[in-house]
Amino acid sequence: MREIVKDDRPFTRYEVPRDEAMPKLRAEGNLYKIDNAERADGDSLSFYVTGQPGEGRFEDLCRGPHVPSTGRIGAYKVMNVAGAYWHGDASKQMLQRVYGTTWPDKKALNDYLQQLEEARKRDHRRLGQELGLFTLDPSVGPGLVLWKPNGAIVRHTLEETIRQELLRRGYQPVYTPAIGKLDLYRTSGHYPYYKDSQYPPLFESRRAERLNKLWELARGNEERASDEEVALYNELAEQHKDLAEFGYPAAAPAEERLKRVRAWLAQEDGYLLRPMNCPHHVKIYASEKRSYRDLPVRLAEFGNVYRFEQSGEVHGMTRVRGFTQDDAHVFCTPDQLPAEINGCVDMARQALKMVQLDDYRVRIGLRDPKSDKYIGSNENWAKSEAAIRAAVQTANINYTEEIGEAAFYGPKIDFVVKDCLGREWQLGTIQVDYNLPERFDLTYIGDDNQPHRPVMVHRAPLGSFERFVGILIEHFAGAFPLWLAPVQAAVCTVSDKSLEYGRKVFEACAQIGLRVMIDDSDDRIGAKIRRATMQKIPYILVIGEQEAAGGLVNVRTREGKQLGSHKLLDFVHACAIEVNERGQKKPTPAESVS
RNA sequence: GCCGAUGUAGCUCAAUGGCAGAGCACGGCUUUCGUAAAGCCGGGGUUGUGGGUUCGACUCCCACCAUCGGCUCCA
């Protein structure tokens with residue numbers, strides 16, 4: 001490669017009509033090039049060539065662009081090697097892909113590598129370890145996060161803030177269990193559609209397990225039962241008299257057989273660790289007769305869900321197998337839908353602003369008409385897609401529309417951010433759903449005294465606490481703003497002579513609810529400051545004999561800034577105000593009235 | 001799930017077929033010190049797990065598990 005760069009070989013682009021180029025490619029016999037050429041648009045194909053005919057000449061089908069010549073490459077480095085599916089299709093062959101980076105000169109390359117190293121220091125997995133935020137233990141299970149005390153404070157503080165906001169916005173808190181009967185998810189469609197990414201169901205008996213198998217078989221045979229299905233029924237009938245009595249409508253279409261099996265399953269079924277909270281919330285909605293006067297009903301829960309993510313996908317806190325969504329489901333009339341979506345968009349944006357996450361993009365996920373993974377009618381999809389589009393336009397947000405990014409029950413608005421290495425993660429999400437209300441036959445009584453179908457909005461402004469905090473760690477590089485910092489102030493005594501006053505300072509801080517620690521070890525002040533700084537504690541209070549004499553605290557920040565000596569009470573009050581503002585000035589009462 | 005790499009003390013990492021080590025952290029003692037690391041001593045390991053090769057395995061081979069980087073997936 002060094003040689004090629006030294007030769008400064010120019011690249012020349014030329015185009016050839018498709019009719020001429022294809023036979024040539026076929027003659028060369030590179031199947032992938034032929035495939036690429038067939039995929040390419042247009043009537044002509046572009047090629048790049050370098051070197052003289054004969055010796056060292058390299059010619060390649062490529063859309064381009066290329067650097068003008070190899071001499072422009074001053075520095076390069078192979079970054080990593082990994083398998084990649086041909087055209088990103090997992091059913092296709094996997095090829096080896098070599099990732100490299102090239103720069104005009106050595107310095108630019110080194111700067112880039114330096115920058116990568118800096119980014120790695122922000123990695124939430126590393127900081128989570130260093131700052132005692134969370135841990136993952138293989139004996140608990142991959143992708144199952146253990147929140148350590150420091151991380152739990154960050155999460156708890158976020159939870160409390162969101163809770164207050166939910167109440168202000170008319171949400172009603174509910175609590176539901178993290179497990180439910182399998183049939184609940186047969187109705188919603190989560191089972192067996194997402195079977196592969198769910199923990200396997202728990203069956204209370206072998207009978208229930210076999211019946212579920214029968215249900216799955218019946219589902220796969222539209223016209224009539226297969227031999228395997230009938231054999232399974234016979235096996236069950238032999239063991240269970242009650243099943244034998246009913247018989248099995250083997251010649252009937254799937255719908256009828258499924259109905260029969262589900263009736264049996266109603267007595268004895270499996271349980272699923274829930275992959276979503278919506279079915280439980282749907283059942284709370286359905287537990288009362290609802291009037292149009294009651295709508296919208298907004299049921300909120302920090303709901304624990306479990307998804308069996310593929311082994312290669314589990315990643316720190318951002319892609320896990322058990323997580324807690326700041327979830328809620330809004331049940332409303334079609335008329336109320338626009339206002340409800342707008343409210344959800346507003347809350348999601350507010351949540352991001354609260355933590356100064358302003359580098360995000362908004363994606364509208366639409367159904368892929370070519371795919372069969374979606375439930376519900378075209379009309380329902382048309383309505384919900386229109387509602388989603390209208391909401392982002394009302395909010396005046398830049399967004400992209402992406403086909404195939406919808407949930408199986410409805411289109412969505414996603415808030416997407418990047419981690420320290422530029423990988424994208426979906427945080428907040430808002431989903432419009434006409435379909436689950438139908439599947440669960442939800443109604444409300446309208447002013448015409450007739451039952452009507454409500455619309456559902458699924459929404460989670462943060463997404464999940466796991467992913468959100470993971471991203472926050474990287475966003476702040478572990479240096480959380482005061483209101484979120486696990487430890488907000490560290491009292492560092494210079495010597496034992498100032499220990500007594502140091503304890504008084506500690507008490508005064510703790511008194512007003514500041515999260516404070518005292519370092520009364522016999523280390524020197526420099527070591528104490530270093531430790532507190534590395535723990536990214538916002539305020540380090542240096543307490544010596546001078547401070548003790550004057551009732552002062554000497555304040556140093558984790559950035560190394562000296563804020564000088566202040567009266568103890570002044571410091572404590574300033575902190576209280578800073579915490580209350582949550583890092584952003586709130587309008588005064590007078591301002592908020594106008 | 002797929003491709004590849006990695007796995008040694010709580011953490012970061014040495015030891016390449018011949019007695020498993022260092023720094024930090026942890027415990028004890030000395031020290032009481034003014035803004036990013038005081039000193040001494042000590043405890044700590046079934047080298048991811050299971051098999052194999054070998055006189056002998058952290059080291060070589062196989063399987064599994066986990067992690068890391070991609071791919072695919074992501075309700």
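Everything quoted here is computed from the prediction, not taken from an experiment. Letters go in sequence order (proteins before strands), and every chain restarts at 1.
Remark: the backbone N or O of Leu131(A) is paired with a side-chain donor or acceptor of Asn150(A) at under 3.5 angstrom. Glu474(A) contributes a side-chain N or O that, together with a main-chain N or O of His124(A), makes up a donor-acceptor pair within less than 3.5 Å.
Taking the P atom of each, C60(B) and U47(B) are spaced 16 Å apart, rounded to whole Å. Spacing of P atoms, C41(B) relative to A22(B), comes out at 12 Å, to the nearest Å. Between the P atoms of U31(B) and A36(B), the separation comes to 25 Å (whole Å). Across the P atoms, U12(B) and G48(B) are found 14 Å apart, a figure rounded to whole Å. The same atom, P, is picked in A15(B) and in U59(B); the two are 14 Å apart, to the nearest Å. Taking atom C1' in both A63(B) and C55(B), one finds a spacing of 26 Å when rounded to whole Å. When the P atom is compared between G10(B) and G51(B), the two are found 23 Å apart, to the nearest whole Å. Distance check on atom P: G23(B) versus G42(B) gives 12 Å, rounded to whole Å.
Within 4.0 Å of Pro142(A), counting heavy atoms only, lie sugar-phosphate atoms of the nucleic acid but no base atom. Gly544(A) comes within contact range of at least one nucleobase, with a heavy-atom separation under 4.0 Å. Using a 4.0 Å heavy-atom distance criterion, Asp496(A) is classed as a base contact. When heavy atoms are screened at a 4.0 angstrom cut-off, Gln198(A) is found touching base atoms of the nucleic acid. Nucleic acid contact class of Ile525(A) (heavy atoms, under 4.0 Å, all strands): sugar-phosphate only. Note on Gln96(A): only backbone sugar-phosphate atoms sit closer than 4.0 angstrom, heavy atoms only; bases stay farther off. Across all strands shown, Arg319(A) has heavy atoms under 4.0 Å from base atoms, whether or not it also approaches the sugar-phosphate. Residue-level contact check: Gly312(A) touches the bases, meaning some heavy atom is under 4.0 Å from a base atom. If you check every strand for non-hydrogen atoms under 4.0 Å, Glu547(A) touches a base. Gln129(A) comes within 4.0 angstrom of sugar-phosphate atoms only, judged by non-hydrogen atoms across all strands, and of no base. At a threshold of 4.0 angstrom between heavy atoms, the contacts of Ala90(A) are confined to the sugar-phosphate backbone, with no base atom among them. At the heavy-atom level, Asn554(A) lies under 4.0 Å from base atoms of the strands shown. Residue Gln562(A) is in base contact, counting any heavy-atom pair closer than 4.0 Å across all strands shown. Within the nucleic acid shown, Arg423(A) comes within 4.0 Å of sugar-phosphate atoms alone, with no base atom in reach, counting heavy atoms only.
Side chain of Ser495(A), nearest nucleotide from A36(B), C3(B), U32(B): U32(B). Of the candidate nucleotides G69(B), C73(B), G34(B), C73(B) has the atom nearest to the side chain of Gln310(A). Among A66(B), U35(B), A38(B), the nucleotide with an atom closest to any side-chain atom of Val542(A) is U35(B). Of the candidates A66(B), U32(B), G69(B), the closest approach to any side-chain atom of Ala82(A) belongs to G69(B).
The phosphate of C33(B) has OP1 or OP2 within less than 4.0 Å of a side-chain N or O from Lys497(A). Neither OP1 nor OP2 of U31(B) sits under 4.0 Å from any side-chain N or O of Arg524(A). Between Ser197(A) and C74(B), a side-chain N or O to OP1/OP2 separation shorter than 4.0 Å is absent. Between His315(A) and the phosphate of U67(B), there is no side-chain N or O to OP1/OP2 separation shorter than 4.0 Å. Taking side-chain N and O atoms only, Lys373(A) has a distance below 4.0 Å to OP1 or OP2 of C74(B). The phosphate of G69(B) (OP1 or OP2) has no side-chain N or O of Arg97(A) nearer than 4.0 angstrom. Between Arg467(A) and C74(B) there is no side-chain N or O to OP1 or OP2 distance below 4.0 Å. The phosphate of G69(B) (OP1 or OP2) has a side-chain N or O of Arg125(A) nearer than 4.0 angstrom.
Using a cut-off of 4.0 Å between Lys/Arg side-chain N and Asp/Glu carboxylate O, Glu466(A) and Arg319(A) are scored as not salt-bridged.
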>> Between Trp103(A) and Tyr76(A), is the ring pair (Phe, Tyr, Trp, His ring centres under 6.0 Å) condition met? List the steps.
In response: CA-CA 6 Å; Trp103(A) 297 85; Tyr76(A) 55 89; over 10 Å; no
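The 12-atom threshold is not exceeded at NZ of Lys213(A), counting heavy atoms of other residues, nucleotides or ligands nearer than 6.0 Å.
Distance check, rounded to the nearest 0.5 Å: CD of Glu301(A) to CG of Asp326(A) gives 11.5 Å.
Tyr85(A) contributes a side-chain N or O that forms a donor-acceptor pair with the base of G1(B) under 3.5 Å.
Under the 3.5 Å distance criterion, with hydrogens and angles disregarded, a donor-acceptor pair is assigned to the side chains of Gln325(A) and Asn277(A). A donor and an acceptor atom, one from each side chain of Asp414(A) and Thr429(A), are located under 3.5 Å apart.
For residues 404-417 of chain A, proximity to RNA chain B is found at Ala407(A), Tyr409(A), Lys412(A), defined as any non-hydrogen atom under 4.0 angstrom from a strand atom.
Tyr193(A) pairs with exactly one of Tyr409(A), Tyr185(A), Phe408(A) by the ring-ring contact (aromatic ring centres under 6.0 Å, His included) rule, that one being Phe408(A).
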